[in-house]
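Worksheet: the structure to be examined is printed underneath.
Side chains included, hydrogens not; waters and symmetry mates left out as well; all remaining heavy atoms used. Every chain is numbered from 1 and lettered A, B, ... according to where its sequence line falls, protein lines coming before strand lines. Small disclaimer: the values here were computed from a predicted structure and weren't measured.
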Protein chains: 2
Amino acid sequence: MSELESVIRQLEALDHRITPSRVAVIAAVLAQSGHFSVETIVHQARGVGRATVFRTMRLLTELDIVCRVLLEDASLHYRVSRRGHHHHLVCVSCGNVQDLDECAVSDLVRELAAATEYEIEGHWLEFYGRCAACRSSVALTT
Amino acid sequence: MSELESVIRQLEALDHRITPSRVAVIAAVLAQSGHFSVETIVHQARGVGRATVFRTMRLLTELDIVCRVLLEDASLHYRVSRRGHHHHLVCVSCGNVQDLDECAVSDLVRELAAATEYEIEGHWLEFYGRCAACRSSVALTT
DNA sequence: GTCTCACTGATACCAGGTCTCATAACCATG
DNA sequence: CATGGTTATGAGACCTGGTATCAGTGAGAC
Ligand SMILES: [Mn+2]
Ligand SMILES: [Mn+2]
Ligand SMILES: [Zn+2]
Ligand SMILES: [Zn+2]
């Protein structure tokens, strides 16, 4: 079963209708290699309305098929998610994304909950830096 | 010396000009109690142009007079910052913000740098939840 | 007081995203 | 299959947050 079929099964299982527009958006999403903006999908899923692309992205986010990637300037990208809850290390130079294996703050969430009496429901955690490749190319040009 | 004067001194020290517009924006910012959007300041600093408000907010961010508060939906707010680098715990119900004392991920940044060969330059970290007050009011209404 | 350059604000513009609503079509059911 | 109810679509208006342009102003060094 292809990845596309697998996503379609998930939608069916949750009583969402399988429409050509949705399939086109999902196919475009699955074809991305790194992180991407919604606009990229709007361009690549030709003929699908802008609103539908945004609606489908929301669906895919809720189903955990994509994850949100927050860039340093607070703009929102997406990325195909092949695991559960996790965070990212983004190269600010080439855009490469490293998925981090586990949530580094789950312990902290418990501590915070105890210390502050907040019931903690969510968090954002993203790291920015330069990957080894980008660092060495900078070294060469300076 | 008032907080306003203190900020003005900081601007002077860095060779920024003290203009009525800047003073109005800074005064409006310092009058905020929690986190706020730029739009709030646009409304409250009457007569100051939109662009100038945005420019001044950028200045204040660079000078660490305000810090950026990222909401759960990735929208950007600001908050008067009375300390160095830190993170936030935001109540998604009433908007109350708790400043967290220290950066909880500075150790992690070092570990990550070693493990991934990235040079890590920055991060986003924000927590969302419900404060004690909001939790008890929910308990009452259910 | 003069001069210069940083700053301003009106305005146009852009990006990202939502709302509306008439139309289309998916798919459960018979 | 044929039908029907309900879900999804897409054109376009609209909204929010933010930047670019540029002629005009005024802060403050001298
Ligand atoms: Mn996490
Ligand atoms: Mn930190
Ligand atoms: Zn890189
Ligand atoms: Zn609260």
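Nucleotide dC26(C) holds its P atom 14 Å from the CG atom of L11(A), rounded to whole Å. Computed from coordinates, the E39(A) CD to dG17(C) P distance equals 8 Å when rounded to whole Å. Atom CD1 in I18(A) sits about 10 Å away from atom P in dA28(C), given to the nearest Å. One interatomic measurement links the two molecules: CD1 of I26(A) to P of dA8(D), which rounds to 12 Å at whole-angstrom precision. To the nearest angstrom, P of dG17(D) lies 14 Å from CZ of F36(B). One can place CZ of R22(B) at 11 Å from P of dG9(C), the figure rounded to the nearest angstrom. For the pair M57(A) CE and dA15(C) P, the computed distance is 19 Å after rounding to whole Å. Computed from coordinates, the R68(A) CZ to dG16(C) C1' distance equals 15 Å when rounded to whole Å.
H77(A) and H88(A) have their aromatic ring centers separated by at least 6.0 angstrom.
Nucleotides of DNA chain D nearest to P20(A) and V38(B) differ in position, and the one nearer the 5' end is that of P20(A). If L59(A) and R58(B) are placed on DNA chain D by their nearest nucleotide, the residue sitting closer to the 5' end is L59(A). Sequence order on DNA chain C of the closest nucleotides to A51(A) and T19(A) puts A51(A) first from the 5' end.
Rounded to the nearest 0.5 Å, atoms CD1 (I65(B)) and CD1 (I26(B)) are 6.5 Å apart. Taking NE2 of H85(A) as the reference point, atom OG of S106(A) lies at 7.5 Å (rounded to 0.5 Å). Taken from CZ in F127(B) to CG in L125(A), the straight-line distance is 7.5 Å, to the nearest 0.5 Å.
In this model, no side-chain donor or acceptor of R50(B) finds a partner on the base of dG9(C) within 3.5 Å. In terms of polar N and O atoms assigned as donor or acceptor, the side chain of R55(A) comes within less than 3.5 Å of the base of dG10(D) in a complementary pairing. With hydrogens and angles ignored, a donor-acceptor pair closer than 3.5 Å exists between the side chain of R17(B) and the base of dC5(C).
The phosphate of dG16(C) (OP1 or OP2) has no side-chain N or O of S37(A) nearer than 4.0 angstrom. Listed pair S75(B) / dT16(D) fails the phosphate criterion, with no side-chain N or O lying under 4.0 Å from OP1 or OP2. Checking the phosphate oxygens (OP1, OP2) of dA8(D), a side-chain nitrogen or oxygen of H16(A) falls inside 4.0 Å.
End-to-end axis angle of the helix from dG1(C)-dC30(D) to dG30(C)-dC1(D), from C1' rotation axes over five pairs per end: 30° (rounded to 10 degrees).
Judged purely by distance below 3.5 Å, without hydrogens or angles, the side chains of R22(A) and T19(A) never pair a donor atom with an acceptor atom. Donor-acceptor pairing under 3.5 Å is recorded for the side chains of T52(B) and R55(B). Side-chain N/O atoms of H87(B) and H123(B) include a donor and acceptor closer than 3.5 Å.
Using modelled atom types, one side-chain atom of T116(B) and one backbone atom of L112(B) make a donor-acceptor pair closer than 3.5 Å.
Checked against dT8(C), dT18(C), dG18(D), the side chain of F54(A) finds its nearest nucleotide in dT18(C).
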